[in-house]
*Asks:* 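One structure coming up, written as structure tokens, with questions to follow.
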Amino acid sequence: MIPYLNPALAVEERVKDLLARMTLEEKCDQLLQTTIGPDVNPNNVGDGGEFRPTIGSILSYFGGVHKRNEFQRHAVEETRLGIPIIWGMDVIHGWRTGFPVPLAQACTWNPETVEAGCRIAAKECSAEGIDWTFAPMVDIPNDPRWGRVMESFGEDPYASGVFARASVRGYQTADPSAPDAIAACLKHFAGYAASEGGRDYSYSDISARKLHEIYLPSFHAGVDEGALTLMSSFNDVTGTPAVVNRYLMTEILRNRWGFSGFVVSDWDSFRQLKAQGFSADPEKIAIRCLSAGNDMEMVSECFKLLPGLVRSGRLDAAIVDEAVRRVLRVKFRLGLFEHPYTEERPLEATALLPAFRETARKAAQQCAVLLKNENDLLPLNPDSIGSIALIGPVAADAAALVGNWRGNVDPATVPTLADVIGEYFPHSRIVTAPGCGFESAGDDGIDSAVEAAHKADIILVALGEEWNRSGENCSRSDIALPAVQRLLLRRLAALGKPIVLLVTAGRPILYPELEPCANAILHLWQGGHEAARACFDLLTGACNPSGRLAMTFPRSMGQIPIYYNEHRRARPDQGYYHDLEESPMYPFGYGLSYTRFTYSDLTLTNELVAGVKVTNSGERRGTETVFLYLSDPEAELTQPVRRLIAFRQLDLAPGESGIARFELDKMRDLAYTDPNGERIFEAGEFVLSAGGLTLHFDCR
Ligand code: NOJ
């Protein structure tokens, strides 16, 4: 057997053998990625490229399994070496079964939930011929104007790392060569979320400290978990565009972290170097992008020049070899040589299975955040409600429940709030009306909705962002809901009935104007396929809200950027905006429950095992996320006021107590990262805090 085709041999041996057989052209073709046919992402501008059977990868291809196999057959059976093509796709929060958007998933604070969602997405998309997802996005945003906050796991670097790991496990499993495992891609490396003013694709100025303290840890965690690929980012990192940033992709990623997979560039990012003012010369771009550490060019134009550049002596062939080695390594690890084809199975056998929908429902239940519950209005008792009005543009809109980057989720298979309300209130009179459109008055008018609602015992007002208001290239200068929706809420509130406000959004929104108009508020995010049922499960108390915010909600646009782990200031009591209350509207970690949790006995042993007792002192079973924060009051490099170092969930019956235990590690948890990325431990005083309790301790 030819060594590279022998699965019994180690991957490195197979790579070595195959590489030695390849011509320069065959090698360089492995570094090309093209797209065929229409693209799912409207921001991926440009036509489909050229197909050649020796090409490394195809992306965003939606042609079905049969077509994939046909293309693959050309590659595997009609080329000299038969190297399979790898198919990449943006599978961001589900493929056929829609899961909550990643920011919402983070609000579950449940890594198992995140992993389970990614596992199902991998099963569904691998069954349709996708080998590789461009996810998870582990950028750390602190500006909700940026539309891509919905794709992130929120503002905390540690939490983002935990969820990055969970995603990698879900997509790749312990054995990425399993037919239903796919490769993950940590993106966008690095600092993309720092785009100035939350404007997509714009300049980002990132200090070395911030790079290492905030932007890199989540990538490091994902690499440590075994992510097979990364995507370099569009942004400019303090003058050196990320896509030509050798420090990031070679010194940190490869030399320091030991990453052995490959890096793909983002869509057209090589040619964008012209607009960024780096270079318009495709040859220079090809040399610099490859040498910096990109191995594959998405929608290739510049890497087509690689063979000529090697032949003319302008590019060292060894750099090409190294990139090819990385691409082949991933293809071998994925088992593509053993199973290049996808079995053709009916969709009913692979997609939207009842168990998948059930998992999606749990995720949607866990991600919704209860922001207000005046006088315990919730949960509702359906037996005591004679009539109920469901009003708002979200009421009968499925797409708003799913959000952007929806993969192949068909909104027609997603039940809306209006579809399922009857299941929960079988004896009540139910009226529903949109009241207005998402952005404008619409045909039905606010008056008729108010008229319909005025006889109801309770009004559910379902407002939110239209599905594509958040996402790539969806920056907004104002994150308030559109004026017409705010007006609708005010008009309904004037009726003086109890109001429950339900909000779908892919980002934090402004609540100050909405909050006084509602007695209870449930921020549903974009919860996916079963968001509607999950919403009513929560409203009726079939389950108890446990979502907690993974991103701070500001009071006003002027407070942005706002995030919980800000660094200390020179005058802690002064310098605030004179025209605004200092606190955020809803802080990081905020979220109510139908029960109460009391914290006591925060302790720490000499072996650095922390513990805190949590008691469910209310009347319902509930899940509490225990957040453990660290403060370091004195250090050579100033520290954040506090930073999250661990979290755990406790599920407690009424009256029950549990202890959240945390095994801390001096270098991992008490040390800080300096501008070179080194961990520095300074002996001295530290403060732990959890649930309002604090514990001062000394560590040497
Ligand atoms: C551009 C986006 O920035 C990236 O996240 C995505 O994976 C690619 N387009 C491919 O669609």
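If you're wondering where the values come from, they're calculated on a predicted model, not measured in any experiment. Both counts, for ligands and for their atoms, begin at 1 and track the order of listing.
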*Asks:* Could you tell me whether the side chains of His188 and Ser232 share a donor-acceptor contact shorter than 3.5 Å?
*Replies:* no
*Asks:* Where is the nearest protein heavy atom to atom 10 (C) of ligand 1: which residue, which atom, and how far?
*Replies:* Asp90 OD2, 3.1 Å
*Asks:* Considering heavy atoms of the protein only, find what lies nearest to atom 9 (N) of ligand 1 and give residue, atom and distance to 0.1 Å.
*Replies:* Asn44 OD1, 2.9 Å
*Asks:* With a cut-off of 4.0 Å, which atoms of ligand 1 are near a heavy atom of Lys187?
*Replies:* 4 (C), 5 (O), 6 (C), 7 (O)
*Asks:* Would you mind checking which non-hydrogen protein atom is closest to atom 8 (C) of ligand 1, with the distance to 0.1 Å?
*Replies:* Asp266 OD1, 3.3 Å
*Asks:* So is Arg148 polar-close to ligand 1, meaning N/O to N/O under 3.5 Å?
*Replies:* yes
*Asks:* Just to check, does His188 reach to within less than 4.0 Å of ligand 1 when the distance is taken from its heavy atoms?
*Replies:* yes
*Asks:* Looking only at distance, does Glu151 have an N or O less than 3.5 Å from an N or O of ligand 1?
*Replies:* no
*Asks:* Can you list the steps and then say if Phe588 with Trp109 is a ring pair (Phe, Tyr, Trp, His ring centres under 6.0 Å)?
*Replies:* CA-CA 12 Å; Phe588 176 83; Trp109 293 95; 5.7 Å; yes
*Asks:* Once side chain to side chain donor-acceptor pair (under 3.5 Å) is applied, do any residues pair with Ser475, and if so which ones, sequence neighbours excluded?
*Replies:* none
*Asks:* Is the NZ or CZ atom of Arg199 positioned over Trp146's six-membered ring, under 6.0 angstrom from the centre and within 45° of the axis?
*Replies:* no
*Asks:* If you count the atoms of ligand 1 from 1 in the order shown, which ones are under 4.0 Å from a heavy atom of Phe134?
*Replies:* 7 (O)
*Asks:* Tell me whether Ser60 has any N or O atom under 3.5 angstrom from an N or O of ligand 1.
*Replies:* no
*Asks:* Output the distance between atom CZ (Arg326) and atom CG (Asn294), rounded to the nearest 0.5 Å.
*Replies:* 10.0 Å
*Asks:* Suppose we screen for ring pair (Phe, Tyr, Trp, His ring centres under 6.0 Å). Which residues come up paired with Phe356, at least two apart in sequence or across chains?
*Replies:* none
